[in-house]
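This report refers to the structure that appears directly beneath it.
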Amino acid sequence: MRLLHTMLRVGDLDRSIAFYTDVLGMKLLRKHDNEQYEYTLAFVGYADESEQAVIELTYNWGTKEYDLGTGFGHIAIGFDDIYTTCEAIRANGGKITREPGPVKGGTTEIAFVEDPDGYKIEMIQNKSASRGLQG
């Protein structure tokens with residue numbers, strides 16, 4: 001078994017695709033319109049779905065925003081250099097919500113960015129990504 005994808009409902013599919021591809025550097029892997037049920041799915045990721053988990057962006061036609069609630073936390077992505085990545089994200093109009101640096105009480109280096117719909121994305125320095133958030 002393996003993790004296949006995480007689905008996020010989005011209010012503006014083109015804006016979300018631009019964020020995940022232009023700002024975070026993912027590729028648009030596939031996109032499908034379902035006219036009968038009025039929704040569009042777009043899958044984005046760093047590699048093909050056969051190789052690793054991806055993000056499914058779901059746009060329900062006519063729905064511009066969602067109440068994110070308190071149950072969902074964040075998506076985590078590993079980067080070689082979160083400091084340079086945050087600079088590039090900011091230069092591309094992305095919203096950094098936690099500047100890069102060590103996690104409180106530890107040494108794992110993290111940062112957070114927010115996508116256009118308000119979903120949080122944690123960026124973890126690759127050298128410590130597999131250890132989890134520890135000292």
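Not measured: the values here are computed from a predicted model.
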| request: Check step by step if salt bridge (charged side-chain N to carboxylate O under 4.0 Å, His left out) holds for R30 and E49. | output: CA-CA 10 Å; R30 63 186 169 102; E49 294 169 83; 2.8 Å; yes
| task | Begin from the C-alpha positions of T58 and E56 and carry the test side chain to side chain donor-acceptor pair (under 3.5 Å) through to its verdict. | result | CA-CA 6 Å; T58 299; E56 172 190 334; 3.0 Å; yes
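Side-chain heavy atoms closer than 4.5 Å link hydrophobic residues (I, L, V, M, F, W, Y) into clusters, and following such links, possibly through other members, connects L13 to M26. Follow the hydrophobic side-chain contacts under 4.5 Å out from V113 and you reach F72 in the same cluster. The hydrophobic cluster containing I75 does not contain F112, counting ILVMFWY residues as joined when their side-chain heavy atoms lie under 4.5 angstrom apart, directly or transitively. Clustering ILVMFWY residues whenever any of their side-chain heavy atoms sit less than 4.5 angstrom apart, transitively, puts L4 in a cluster other than the one holding M7. A continuous path of ILVMFWY side-chain contacts below 4.5 Å connects Y46 to Y20, so both sit in one hydrophobic cluster.
Of all heavy-atom pairs spanning C86 and I96, the tightest one is SG-CD1, 3.8 Å.
The CH2 atom of W61 lies 10.0 Å from the OH atom of Y39; values are rounded to the nearest 0.5 Å. One finds the CD1 atom of I124 at 10.0 Å from the CD1 atom of I77 (value rounded to the nearest 0.5 Å). Put simply, CD1 on I121 and CD1 on I89 are 8.0 Å apart, with the number rounded to the nearest 0.5 Å. The distance from the CD1 atom of I55 to the CG atom of L57 is 6.5 Å, given to the nearest 0.5 Å. Going from atom CD of E38 over to atom OG1 of T63 covers 9.5 Å, rounded to the nearest 0.5 Å. The CG atom of L41 lies 9.0 Å from the CG atom of D33; values are rounded to the nearest 0.5 Å.
For the pair I110 and M123, the minimum side-chain heavy-atom distance is 4.5 Å or more.
D117 contributes a side-chain N or O that, together with a main-chain N or O of G11, makes up a donor-acceptor pair within less than 3.5 Å. Side-chain atoms of N92 never come within 3.5 Å of backbone atoms of G94 as a donor-acceptor pair (strictly under, hydrogens ignored). Between the side chain of Q125 and the backbone N or O of D80 there is at least one donor-acceptor pair closer than 3.5 Å. Put simply, the side chain of D48 never gets that close to the backbone of E51: no donor and acceptor are under 3.5 Å apart. A donor-acceptor pair under 3.5 Å links the side-chain atoms of N34 to the main chain of Y37, judged by distance alone. The closest donor-acceptor contact from the side chain of Y66 to the backbone of G69 lies at 3.5 Å or more, if one exists at all.
We find that R90 and E99 are joined by a salt bridge, their nearest charged nitrogen and carboxylate oxygen being less than 4.0 Å apart. Comment: K127 engages E109 in a salt bridge, judged by a side-chain N to carboxylate O separation of less than 4.0 angstrom.
More than 12 heavy atoms of other residues, nucleotides or ligands sit less than 6.0 Å from atom CZ of R98.
The distance between the ring centers of H74 and Y119 does not fall below 6.0 angstrom.
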